[in-house]
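The structure appears below as structure tokens.
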Amino acid sequence: MATGLTTTAGARAERLAQAAEQNDYDTFAMSDSTPSFATPYRTHTCGELRASDSGVPARLAGWVHRRRDHGQLIFLDLRDRYGITQVIVDATQAPLAHAAASRLRNEFVVSVSGTVALRLEGTGNARLATGAIELRASEVEILAEAKTPPFYINEPDAPIDEALRLRYRYLDIRREPMLRRLLLRSRLVQAIREIHHEHGFVEIETPNLIRSTPEGARDFIVPSRLKPGTVYALPQSPQQLKQLLMVGGLDRYFQIARCYRDEDLRGDRQPEFTQLDLEMSFVDEAAVIGFVEDVAIRVMAAVVPDRPLLQVPFPRLTFAEAIERFGSDKPDLRFGMELVDLAPALTDPSGDPGSGFRVFDEALAGGGRVGAIVAPGLATASRSQTDELAELARGYGAKGLVWLAVEADGSIRSSIAKFLGPERTASVVARTGATPGDLVLVIADRPEVTADILGRLRSELGSRLGLADPNVFAYCWITQFPMYKWDKQNRRWDATHNPFSGVRPEDVDLLTTTSGDLARTAPDDPAGRARALQYDLALNGWELGGGSIRINQHDLLARSFALQGQTAAGMAEKFGAVLDAFEYGAPPHGGIALGIDRWAALLSDQTNIREVMAFPKTQSGSDLMLDAPSEPEPGQYAELGLRYVGPTRT
RNA sequence: GGACCCGUGGUGUAGCGGCCCAACAUGCCAGCCUGUCACGCUGGAGAUCGCCGGUUCGAAUCCGGUCGGGUCCGCCA
């Protein structure tokens with residue numbers, strides 16, 4: 001196959017190195033081509049001129065980054081998105097230009113004509129790419145005056161209230177950190193587009209006004225004027241549409257797709273966000289994973305060529321293994337601190353039943369799990385610090401938190417030492433591998449709850465203790481997700497990912513119930529053990545995205561849907577188009593969707609996707625710049641046949 | 001839906017019952033300055049401390065509410 005889908009790890013690594021060499025991106029450069037930026041306002045950009053240009057006449061346009069007025073001599077730092085060039089205006093050489101320069105203030109927009117000249121001996125500025133030269137001004141034209149900005153444009157490190165930055169986002173974007181991140185994001189998307197086109201993918205736009213599709217999240221809805229009383233929904237993802245494109249024979253589709261979900265926001269969640277959405281026909285799981293891994297490696301080479309990848313090819317963990325070892329389906333592999341199952345250490349070697357600590361014994365007797373993580377260096381934690389950790393654990397749903405501190409001299413301080421006795425206390429500590437100075441944190445609960453809480457503690461402590469190398473990128477694949485999770489409220493199975501996700505061939509026979517009737521589900525059904533052809537890609541503890549090989553056979557789909565409590569009528573209601581389409585020859589297909597915002601944020605070392613979005617919304621969903629959302633214009637409700645009745649209680 | 005944190009000249013902070021008609025830095029304005037690059041020097045203006053209410057002889061400071069922003073839980077691929 002010439003698509004790179006079957007490349008070996010070695011070839012992939014080689015290509016990575018090669019790509020890294022070829023991509024020598026300057027901070028401000030947008031691509032490796034160098035288009036001309038000359039216009040009537042400028043002959044060059046502010047990042048372009050070098051010593052070799054000295055003597056040539058030039059005209060630059062940009063914003064006044066800073067002005068240094070020495071009386072007869074005025075220095076201007078002229079800025080555009082390509083860089084900064086020093087302009088010098090000499091009253092004795094160009095009196096008119098000097099008069100204009102005297103009027104200038106920060107952020108005025110000017111166009112300056114003059115001659116490129118080497119700077120005087122010893123006055124070069126090594127911090128500027130253009131620092132060897134300056135533009136000796138003959139004419140200074142003010143293109144636009146500017147009010148004093150509400151915050152510093154010219155100090156990249158200045159802390160500024162984010163609300164203020166959002167209100168004046170167009171000014172924030174002038175600042176170097178935002179500019180750099182938006183350029184990085186542009187390169188990210190560019191690299192994605194390039195590799196997809198190289199591999200024969202077709203870029204297709206899908207509509208934003210669609211029918212509500214049950215994806216799990218709340219839809220944004222748009223009332224229809226032409227059909228009063230009905231609504232469109234904004235897509236939570238193009239999921240069904242891309243599957244229909246596969247039925248349409250497109251074979252390889254991708255899109256940089258805007259998606260919408262009306263749920264509460266977080267640092268890594270905005271109401272509208274962007275996905276790399278792709279779907280391929282006639283592929284298996286390995287083919288999709290292999291291609292997407294190539295995309296990711298290519299992206300790294302194009303965007304962050306000198307940042308190390310922890311492991312290539314990316315490690316692949318099964319869901320069960322990820323939960324077992326890290327308590328998370330998106331583990332941060334940059335540090336260890338793996339979960340330890342304490343059960344074997346809790347049995348008294350003398351054959352005495354139980355651990356001596358009732359909480360542990362009850363958990364184990366009920367099929368639960370007693371697990372631990374080791375926090376390096378935290379043995380000196382004070383009582384109030386361990387209390388704080390216990391409070392944290394309770395916030396994650398823990399009933400309590402047991403800790404054992406291994407003191408510098410090897411002795412063990414613990415609230416439950418007296419229950420366990422010295423022998424079992426020692427064996428517990430030995431099992432965790434904790435060494436003097438470490439703090440062992442123990443949770444006892446149902447297995448999945450224990451894993452979840454320890455996973456969250458691991459993640460939080462990893463960040464507090466700075467265990468992860470911030471320079472490294474650690475990708476990993478999580479595979480073999482369970483097909484379903486038990487929905488307690490509705491007493492039925494619920495797709496963990498996507499109702500169309502395929503089942504692993506060896507687990508097809510598990511798609512049954514103990515009752516024998518697919519409509520009468522119970523939590524101990526074999527279906528609960530069925531694993532899906534589903535995969536997630538995680539990066540540094542963040543879920544970048546996930547996908548699956550879809551079910552393309554009607555009877556299997558019907559079976560899977562029945563387990564999810566869907567009646568034939570309900571299916572037709574919700575998925576009519578896809579089900580119809582599948583009657584006309586649906587190829588085997590699968591794909592993935594990756595969060596572009598999260599990806600760009602991680603590659604920019606940001607913990608917040610707002611930092612890589614030009615115009616993001618606040619946590620309460622407002623756009624502080626446009627002041628959205630706003631009340632409709634008079635008549636808009638009437639036109640739609642709507643009336644506002646005020647907030648309703650749900 | 002819930003928990004917690006923040007809101008003081010343009011900006012970032014200090015002040016946390018009276019010493020505050022509020023301090024510092026920076027920015028802004030004016031003047032001076034021919035080699036600066038966070039230029040420098042001199043002088044000046046600028047805040048009823050998010051808003052409303054309460055406690056108190058007295059509130060930036062304490063309490064309640066509210067608005068705005070953030071972090072997290074729930075929610076959400």
Side-chain angles (χ1 to χ4, degrees), chain A residues 65-78 84-93 98 102 105-107 117 119-128 130-131 134 136 147-168 171 215-219 236-237 239 259-271 273 275 277 329-330 391-397 456 459-460 478 481 495-498 501 534-538 542-548 592-595 598 607-608 610 617-622 624 627 649-650:
Chain A
H65 189 63
R66 218 184 280 281
R67 185 179 70 121
R68 292 178 294 280
D69 186 343
H70 288 250
Q72 294 294 88
L73 209 55
I74 296 174
F75 294 95
L76 301 174
D77 289 341
L78 198 60
I84 289 174
T85 300
Q86 175 167 285
V87 173
I88 180 165
V89 192
D90 186 332
T92 63
Q93 302 293 311
H98 184 270
S102 300
R105 293 294 180 270
N106 284 352
E107 301 307 313
R119 294 201 188 180
L120 296 185
E121 188 74 30
T123 63
N125 186 344
R127 294 201 316 230
L128 291 181
T130 62
E134 61 200 1
R136 302 240 159 100
K147 294 206 291 192
T148 301
F151 50 80
Y152 308 103
I153 308 293
N154 52 18
E155 290 187 17
D157 301 326
I160 307 161
D161 181 64
E162 197 185 349
L164 197 66
R165 292 174 54 205
L166 291 177
R167 183 161 295 122
Y168 297 95
L171 295 180
E215 291 259 2
R218 194 178 291 116
D219 284 320
Q236 296 182 26
S237 82
Q239 182 59 40
C259 307
Y260 307 85
R261 288 176 193 159
D262 189 7
E263 294 293 346
D264 288 356
L265 308 181
R266 286 286 190 284
D268 61 351
R269 285 182 354 217
Q270 283 270 306
F273 60 99
Q275 285 186 342
D277 190 51
D329 60 358
K330 45 180 196 288
E391 196 48 48
L392 190 66
R394 263 188 291 276
Y396 297 148
R456 290 174 187 237
S459 171
E460 174 66 23
I478 310 296
F481 279 77
T496 49
H497 182 66
N498 170 327
S501 285
Q534 186 203 320
Y535 32 86
D536 273 12
L537 182 60
W542 283 34
E543 179 193 326
L544 263 194
S548 64
I592 198 168
L594 301 180
R598 289 182 183 181
T607 55
N608 193 314
R610 292 189 299 270
K617 289 171 183 60
T618 67
Q619 194 162 44
S620 54
S622 28
L624 296 180
D627 194 24
R649 201 170 282 280
T650 45

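Below, chains carry the letters A, B, ... as their sequence lines are ordered, and counting in each starts from 1.
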Dump the pairs, protein N or O against N or O of nucleotides 72-75 of chain B, anything under 3.5 Å, distances to one decimal.
| unit_1 | atom_1 | unit_2 | atom_2 | d |
| --- | --- | --- | --- | --- |
| B/C73 | N4 | A/R266 | NH2 | 3.3 |
| B/G74 | OP1 | A/R456 | NH2 | 2.9 |
| B/G74 | N7 | A/R266 | NH2 | 2.8 |
| B/G74 | O6 | A/R266 | NH1 | 2.9 |
| B/G74 | O6 | A/R266 | NH2 | 3.2 |
| B/G74 | N1 | A/D264 | OD2 | 2.6 |
| B/G74 | N2 | A/D264 | OD2 | 3.1 |
| B/C75 | O2' | A/E263 | OE1 | 2.8 |
| B/C75 | O2 | A/R269 | NH2 | 3.1 |
| B/C75 | N3 | A/R269 | NH1 | 3.2 |
| B/C75 | N3 | A/R269 | NH2 | 2.8 |
| B/C75 | N4 | A/R269 | NH1 | 3.2 |

Heavy atoms from C-beta onward define the side chain here; which of [options] lies closest to that of [X]?
X	options	result
A/E155	B/C28, B/A38, B/G35	B/A38
A/R261	B/A38, B/G35, B/C76	B/C76
A/L624	B/G68, B/G70, B/C76	B/G68
A/Q86	B/C76, B/C37, B/C29	B/C37

Spacing of [atom1] belonging to [X] relative to [atom2] belonging to [Y], to within rounding of 0.5 Å:
X	Y	atom1	atom2	result
A/R261	A/Q270	CZ	CD	13.5 Å
A/S102	A/R67	OG	CZ	6.5 Å
A/I592	A/Q275	CD1	CD	10.0 Å
A/I160	A/L166	CD1	CG	11.0 Å

Under 3.5 Å donor-acceptor pair, A/N125 side-chain atoms to B/C37 base atoms: yes
Polar side-chain contact A/D69-B/C33 base: donor and acceptor under 3.5 Å: yes
Give me the distance, rounded to whole Å, that separates [N] from [M] when you measure between the [atom1] atoms they each carry.
N	M	atom1	result
B/A60	B/C49	C1'	4 Å
B/C51	B/G9	P	10 Å
B/G15	B/G68	P	28 Å

Atom-to-atom span, [atom1] of [X] to [atom2] of [N] - whole angstrom:
X	N	atom1	atom2	answer
A/Y168	B/G69	OH	C1'	15 Å
A/F75	B/C39	CZ	P	11 Å
A/L78	B/C37	CG	C1'	14 Å
A/R66	B/G35	CZ	C1'	17 Å
A/I74	B/U34	CD1	C1'	11 Å
A/L76	B/G35	CG	P	16 Å
A/Q270	B/G69	CD	P	12 Å
A/F273	B/C76	CZ	C1'	9 Å

Residue whose nearest RNA chain B nucleotide is more 5′ - A/R136 or A/R67: A/R136
Along RNA chain B (nearest heavy atom to each residue), the more 5'-positioned of A/A163 and A/G545: A/A163
Side chain [X], main chain [Y], donor-acceptor under 3.5 Å:
X	Y	value
A/R598	A/D268	yes
A/R66	A/N154	yes
A/E263	A/R218	yes

Non-hydrogen atoms of A/P150 and A/L164 that approach each other most closely: O-CD2, 3.9 Å
Closest non-hydrogen atom pair between A/S548 and A/S501, with its separation: OG-OG, 3.0 Å
Heavy atoms only, 4.0 Å cut-off, all strands: where does [X] land among base, sugar-phosphate and nothing?
X	result
A/T123	base
A/G124	base
A/T92	base
A/R105	sugar-phosphate
A/Q93	nothing
A/E460	nothing

Watson-Crick/G-U partner (both atom distances under 3.5 Å) of B/C4: B/G70
B/A23 pairs with, by Watson-Crick or G-U criteria that keep both distances under 3.5 Å: B/U13
Under-4.0 Å side-chain N/O to phosphate OP1/OP2 contact, [X] with [N]:
X	N	result
A/S620	B/G69	yes
A/N608	B/G70	no
A/R68	B/U36	no
A/S622	B/G69	yes
A/T618	B/G69	yes
A/R610	B/U71	yes
A/N106	B/C28	yes

Stepwise salt bridge (Lys or Arg N to Asp or Glu O under 4.0 Å) check, A/E162 with A/R165: CA-CA 5 Å; A/E162 197 185 349; A/R165 292 174 54 205; 5.1 Å; no
Anything under 3.5 Å between a protein N or O and an N or O of nucleotides 11-14 of chain B, put it in a table, one pair a line.
| unit_1 | atom_1 | unit_2 | atom_2 | d |
| --- | --- | --- | --- | --- |
| B/U11 | O4' | A/P150 | O | 3.4 |
| B/U11 | O2 | A/Y152 | OH | 3.2 |
| B/G12 | OP1 | A/D161 | N | 2.9 |

Under 3.5 Å, which N/O atoms of the protein pair with N/O atoms of nucleotides 44-46 of chain B?
none

With [X], which residues qualify under side chain to side chain donor-acceptor pair (under 3.5 Å), at least two apart?
X	answer
A/K330	none
A/R456	A/D452
A/R68	A/D77, A/Q86

Under-4.0 Å salt bridge between A/E134 and A/R136: yes
Whether A/H70 stacks on the six-membered ring of B/U36 base, 5.5 Å and 30° limits: no
Heavy-atom neighbours of A/Y168 OH exceed 12 at 6.0 Å: no
